[in-house]
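Note that these values count all heavy atoms, side chains included, but never hydrogens, waters or copies made by symmetry. Throughout, a chain's letter reflects where its sequence line sits, starting with A, and its residues are numbered from 1. A quick note: this is a predicted structure, and the numbers were derived from the prediction, not measured.
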There are 2 protein chains.
Amino acid sequence: MDMKVGRLRASGPKRKRGPGRPQKSANGDDARERILDAAENLFAHHGLDAVSVRDVARKAHVDTALVHYYFATKRGVFDAVFQRRAAILNKERIAMIDAYEAAPGPGGVTVEGLIEAFLSPLFDASVKGGPKWKDYFALIAQVNNNPDWGGETMARFFDPVIRHLIAALRRALPSARDEDLFWSYHFLSGALTLTFAQTGRIDLLSDGLCKSTDFAAASARLSRYIAAGFEAVCVSRSIVRKRTK
Amino acid sequence: MDMKVGRLRASGPKRKRGPGRPQKSANGDDARERILDAAENLFAHHGLDAVSVRDVARKAHVDTALVHYYFATKRGVFDAVFQRRAAILNKERIAMIDAYEAAPGPGGVTVEGLIEAFLSPLFDASVKGGPKWKDYFALIAQVNNNPDWGGETMARFFDPVIRHLIAALRRALPSARDEDLFWSYHFLSGALTLTFAQTGRIDLLSDGLCKSTDFAAASARLSRYIAAGFEAVCVSRSIVRKRTK
DNA sequence: CGAATAATTCATCACCCGGTGAATTTTTTG
DNA sequence: CAAAAAATTCACCGGGTGATGAATTATTCG
């Protein structure tokens, strides 16, 4: 009986910098990068399961075998796409929160200020960063709402930043309960990711008055909306809470 | 030349009540119903594209051909699942909004009261209605965040109720702009559907303090959270708006 | 140049997919 | 009971899927 023998080929070549490099290196037109871009775009717009490795390869003008050469498996492609922009983003977001806490406006640290610091790198990237960043955020929206492996994946990449935000919120709202903070963040997460998902939903609902792609409009409202939600839920209402619980 | 001839077989049998009925009819154990239940569960937990017709048939203890006999295509199965509970739900939600507007508490109609009327049939069904209803709501979460056809599908089934809610909110907040109302609803929609998606995300983030399955806890917070968001965004701040716009 | 190494392609495998037409079985009707 | 109709199964098709090993091309290094 021949059991399925595990793949021996490692996940891609040894990445030493020197020898045998591809056509272009300083340029962003490596085949590897093209594959990631193609996958990012397709996964974001159609979901992981609706896109085949062949689709990705075709869009990247590359043979399917090359995709497996670099990333071993389809899930490997996905992970690489997901990871590529996460690190940059997370560093910025933590820096923004810290900077705001170190020098808030007159009146001190507010919930809205913290939320805005937490969100601004995302909206900045999606507005100024070009379509690839928009694709990336749409991809995150997909993952965040995936019931299979979404929760685990999001936790792996984004929990540090989020815990950082929640710690800061805890300082800004000393009377808040942790459950209230976590649920409030959960609602924020849902509102944010649906906005990033660009489903065209709001376009249809509003008969064209609002556009899914108009992140500036979303950004102008979201921080205020969410901050008000946090304050309404997290600021001492223990009497009411006991009644509803 | 033989062009692909359209399917001649109609989408299922003639549904007259009399002849040739299956094993059980009054009971909910029809094969047709079993297929819908199986599909509902699988689509909700894994997404439409990750589930095959064979998976559904296997779970329903039925041949794949029977699935096509009743629903013609995989998408047909999905539509039937989606539609099955939508009508019931929408009728209840409109009734709740109307009832609340007709007899609000002392102090008149509030945003929180409207939101709660709008949401309560959902949480009621998911808490009291058993696991099939939870599956259904998880399925809605999938659809709402699907960038391909989610926006259009949600619009087709739920826009009437939502427009009804927004009309009521417009009466409760006469100074609100429509863009603000639509964006505010959009955020509500995202927060709600991520909650229904049951991704386990909040469980991991909170180290088990909060549970994705605890709809009672979510329900206890969501209306207040969202109402505060609506009021913060939609109540006259035209001076500020002009600056950010 | 020529050897070494990385990048890329080619041909292919075993399997799963959605869907269909023709039997076959079950149920209802007269 | 027989005839009719509905429900269900069986066998199958064409095509797509993720993945792989061997061959081929491009690049770098000595």
Side-chain angles (χ1 to χ4, degrees), chain A residues 1-27 29-35 39 42-43 46-58 60-79, chain B residues 2-27 29-36 39 42-43 46-58 60-79:
Chain A
M1 46 161 70
D2 54 347
M3 306 206 44
K4 186 168 190 125
V5 56
R7 60 170 20 259
L8 298 181
R9 176 198 300 166
S11 61
K14 300 147 207 135
R15 295 301 287 161
K16 61 170 162 177
R17 200 181 295 98
R21 290 283 295 295
Q23 310 153 338
K24 313 185 178 183
S25 61
N27 192 339
D29 208 22
D30 281 7
R32 203 188 119 100
E33 216 68 14
R34 278 200 328 267
I35 293 169
L42 291 172
F43 289 158
H46 310 293
L48 176 65
D49 293 303
V51 173
S52 70
V53 176
R54 283 166 167 82
D55 293 333
V56 173
R58 196 175 309 127
H61 303 291
V62 146
D63 190 280
T64 49
L66 192 63
V67 177
H68 286 102
Y69 172 71
Y70 280 118
F71 305 104
T73 115
K74 182 181 177 179
R75 183 59 195 264
V77 178
F78 174 87
D79 286 341
Chain B
D2 55 346
M3 305 207 43
K4 186 170 191 126
V5 57
R7 62 171 16 260
L8 298 181
R9 176 197 303 167
S11 61
K14 301 146 206 136
R15 296 302 283 161
K16 59 171 162 176
R17 200 181 295 101
R21 290 284 291 295
Q23 309 153 341
K24 314 182 178 185
S25 63
N27 191 340
D29 208 23
D30 280 8
R32 204 189 118 100
E33 216 68 14
R34 282 204 320 272
I35 293 170
L36 289 177
L42 291 172
F43 289 157
H46 310 294
L48 176 65
D49 292 304
V51 173
S52 69
V53 175
R54 282 166 167 81
D55 293 334
V56 173
R58 196 176 309 125
H61 305 290
V62 146
D63 190 278
T64 49
L66 192 63
V67 177
H68 287 104
Y69 172 71
Y70 279 117
F71 305 104
T73 122
K74 182 181 178 179
R75 183 58 196 262
V77 178
F78 174 85
D79 286 342

Check: A:K74 side chain, A:H68 main-chain N or O, donor-acceptor pair, under 3.5 Å
no
Nearest whole angstrom, please: distance from the C1' of D:dA19 to the CD1 of A:I35.
15 Å
What integer distance in Å separates B:F71:CZ from C:dT20:P?
15 Å
Would you compute the distance between atom CG of A:D63 and atom CZ of A:R58 and round it to the nearest 0.5 angstrom?
11.5 Å
Partners meeting side chain to side chain contact (heavy atoms under 4.5 Å, CB included) with A:R75 (sequence neighbours left out)
A:T73, A:F78, A:D79, A:W149, A:T153, A:R156
Counting N and O atoms only, with roles assigned by atom type, does the side chain of B:D30 sit under 3.5 Å from a partner on the main chain of B:R32, one being a donor and the other an acceptor?
no
From C:dG19, D:dA19, C:dC10, pick the nucleotide closest to the side chain of A:T73?
D:dA19
Whole angstrom value for the distance that separates P of C:dA11 from CG of A:L66:
17 Å
Output the single nucleotide from D:dC10, C:dA7, C:dG19 whose closest atom is nearest the side chain of B:T64.
C:dG19
Side chain of B:Y69 only, please: which of C:dC10, D:dT8, D:dT9 is the nearest?
D:dT8
Carefully, step by step, assess A:V77 and A:V53 under the rule side chain to side chain contact (heavy atoms under 4.5 Å, CB included).
CA-CA 9 Å; A:V77 178; A:V53 176; over 6 Å; no
What nucleotide, of C:dC10, C:dT8, D:dT8, holds the atom closest to the side chain of A:D63?
C:dC10
Provide, to the nearest angstrom, the distance between the CZ atom belonging to B:R32 and the P atom belonging to D:dA7.
10 Å
Where A:H61 and A:R34 come nearest, the two heavy atoms and their spacing:
O-NH2, 3.6 Å
Can a side chain N or O of B:H68 be found less than 4.0 Å away from OP1 or OP2 on C:dT20?
no
Contact list (N/O, under 3.5 angstrom) for nucleotides 14-17 of chain C vs protein:
residue	atom	partner	partner atom	Å
C:dC17	OP1	B:S52	OG	3.1

